[in-house]
2 protein chains.
Amino acid sequence: MDNHQLDALFAALADPTRRAIVARLTEGEVTVSDLADPHDMALPSFLKHLTRLEAAGLIQTRKQGRTRICTLHPEALSEATTWIDRQRTAWEGRLNRLEALLSQPDTPDT
Amino acid sequence: MDNHQLDALFAALADPTRRAIVARLTEGEVTVSDLADPHDMALPSFLKHLTRLEAAGLIQTRKQGRTRICTLHPEALSEATTWIDRQRTAWEGRLNRLEALLSQPDTPDT
DNA sequence: CCTTTACTTAGCCATATGGATAACCATCAA
DNA sequence: TTGATGGTTATCCATATGGCTAAGTAAAGG
């Protein structure tokens with residue numbers, strides 16, 4: 001995944017309103033106004049959050065009559081965990097190499 | 001984990017410079033100037049990134065003489081995956097319930 | 001001591017972000 | 001067809017963010 005997409009993804013998750021939206025959408029599709037209802041915020045402000053989530057690939061929306069319906073796109077979340085897991089793997093690998101080095105002090109280097 | 005910490009954590013990861021720093025630190029401790037070296041940026045600008053990573057709990061630093069040494073604090077990364085995994089679990093749960101409902105149309109509701 | 005070296009602090013600037021209003025457009029219902 | 005309803009667009013505003021330079025401190029090194 002490209003760096004810029006990761007920026008958008010992590011930035012999208014770096015806001016409580018947007019995380020709440022994601023959490024809500026795990027329960028299924030919701031219309032914009034129903035989604036907005038629990039958030040004490042003007043609709044246009046709320047809309048901007050939706051737009052950012054959509055730009056980050058975290059949600060998808062479609063228009064049905066005059067209402068817009070939002071659905072979660074959970075695949076985007078794995079892009080985030082993939083990056084994180086890569087870091088963790090690298091870290092573990094380093095620890096393992098260190099450990100190996102300490103348990104075999106006979107061959108300090110090749 | 002508290003909402004505000006998650007904000008800081010995800011925001012910290014939403015920048016390529018900072019992700020590069022994290023990636024670099026998976027290989028072990030590095031001093032500030034060595035860390036900064038590959039980044040085409042004035043030191044004070046770079047320092048601000050370090051500060052944000054530290055505030056997010058992603059790295060820890062200590063002073064040794066006049067140099068500062070940075071180390072990764074990978075536990076912070078799991079705070080992020082924990083939240084993400086919770087969302088994924090919720091989503092899967094909903095899918096499973098849906099599936100169950102469809103395969104057993106005899107008991108539509110209790 | 002004096003000078004690097006390695007950060008640190010203090011400001012400054014442009015752009016991005018999160019919020020608001022006001023006004024507009026497009027259904028649906030009566 | 002006339003409201004009301006559900007979004008949408010266009011601005012606007014304050015603060016945050018990511019970059020900079022200039023000037024400061026503090027530990028080595030000679």
Side-chain angles (χ1 to χ4, degrees), chain A residues 2-25 28-72 80, chain B residues 2-25 28-72 80:
Chain A
D2 130 307
N3 232 0
H4 202 58
Q5 260 295 78
L6 268 189
D7 288 3
L9 183 49
F10 281 122
L13 295 176
D15 178 286
T17 300
R18 292 193 291 262
R19 284 197 304 279
I21 293 174
V22 168
R24 172 76 187 276
L25 288 178
E29 313 189 318
V30 188
T31 85
V32 165
S33 34
D34 282 355
L35 252 192
D37 189 52
H39 300 278
D40 189 19
M41 184 182 303
L43 232 213
S45 314
F46 185 78
L47 246 274
K48 289 214 266 184
H49 289 295
L50 282 188
T51 306
R52 294 200 63 190
L53 285 170
E54 199 169 10
L58 276 165
I59 71 172
Q60 288 170 345
T61 74
R62 65 181 192 281
K63 201 99 190 239
Q64 199 168 87
R66 67 185 154 168
T67 82
R68 179 171 295 280
I69 296 178
C70 307
T71 71
L72 190 61
Chain B
D2 130 308
N3 232 2
H4 202 59
Q5 260 296 78
L6 268 187
D7 288 3
L9 182 49
F10 280 122
L13 296 176
D15 179 286
T17 301
R18 290 193 293 261
R19 284 197 305 278
I21 294 174
V22 168
R24 172 77 188 277
L25 287 178
E29 312 190 319
V30 188
T31 84
V32 165
S33 33
D34 283 356
L35 252 192
D37 190 52
H39 301 279
D40 188 21
M41 183 183 304
L43 233 215
S45 315
F46 185 78
L47 245 275
K48 289 214 267 187
H49 289 296
L50 282 188
T51 306
R52 293 200 64 188
L53 284 170
E54 199 169 10
L58 274 164
I59 71 171
Q60 288 170 347
T61 75
R62 64 182 192 280
K63 200 94 191 243
Q64 198 167 90
R66 66 186 156 170
T67 81
R68 178 172 296 279
I69 297 178
C70 308
T71 69
L72 190 60

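Since the structure is predicted, the reported quantities are computational estimates derived from the model, not experimental observations. Letters go in sequence order (proteins before strands), and every chain restarts at 1.
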Taken to the nearest 0.5 Å, the spacing of Arg19(A) CZ from Leu58(A) CG works out to 12.0 Å

Between the CD atom in Gln60(A) and the CG atom in Leu25(A), the distance rounded to the nearest 0.5 Å is 11.0 Å

What is the distance, rounded to the nearest whole Å, between atom [atom1] of [X] and atom [atom2] of [N]?
{"X": "Asp37(A)", "N": "dT5(D)", "atom1": "CG", "atom2": "C1'", "answer": "14 Å"}
{"X": "Arg62(A)", "N": "dG7(D)", "atom1": "CZ", "atom2": "P", "answer": "13 Å"}
{"X": "Met41(A)", "N": "dG18(C)", "atom1": "CE", "atom2": "P", "answer": "10 Å"}
{"X": "Leu13(B)", "N": "dG18(D)", "atom1": "CG", "atom2": "P", "answer": "12 Å"}
{"X": "Lys63(A)", "N": "dT27(C)", "atom1": "NZ", "atom2": "P", "answer": "7 Å"}
{"X": "Asp7(B)", "N": "dT17(D)", "atom1": "CG", "atom2": "C1'", "answer": "15 Å"}

Judged by nearest nucleotide, the residue sitting upstream toward the 5' end of DNA chain C, Arg18(A) or Arg68(B), is Arg68(B)

Nearest-nucleotide check on DNA chain C, Asp40(A) vs Thr67(A); residue mapping nearer the 5' end is Asp40(A)

By nearest-nucleotide position on DNA chain D, the 5'-leaning member of Gln64(B) and Ala11(B) is Ala11(B)

For the residue pair [X] and [Y], establish whether any side-chain heavy-atom pair is separated by less than 4.5 Å.
{"X": "Val32(A)", "Y": "Leu50(A)", "answer": "yes"}
{"X": "His39(B)", "Y": "Ile21(B)", "answer": "yes"}
{"X": "Val30(B)", "Y": "Cys70(B)", "answer": "no"}

Could you tell me whether the phosphate oxygens of dT8(D), OP1 or OP2, come under 4.0 Å of any side-chain nitrogen or oxygen in Arg66(A)?
no

Considering only heavy side-chain atoms of Leu43(A), the closest of dT8(D), dC20(D), dC7(C) is dT8(D)

Here the residues of residues 44-61 of chain A within 4.0 Å heavy-atom distance, strictly under, of DNA chain D are Pro44(A), Leu47(A)

Here the salt bridge (Lys or Arg N to Asp or Glu O under 4.0 Å) pairs for residues 41-55 of chain A, sequence neighbours left out, are none

Between Leu9(A) and Ala80(A) the two heavy atoms that sit nearest each other are CD2-N, 3.7 Å

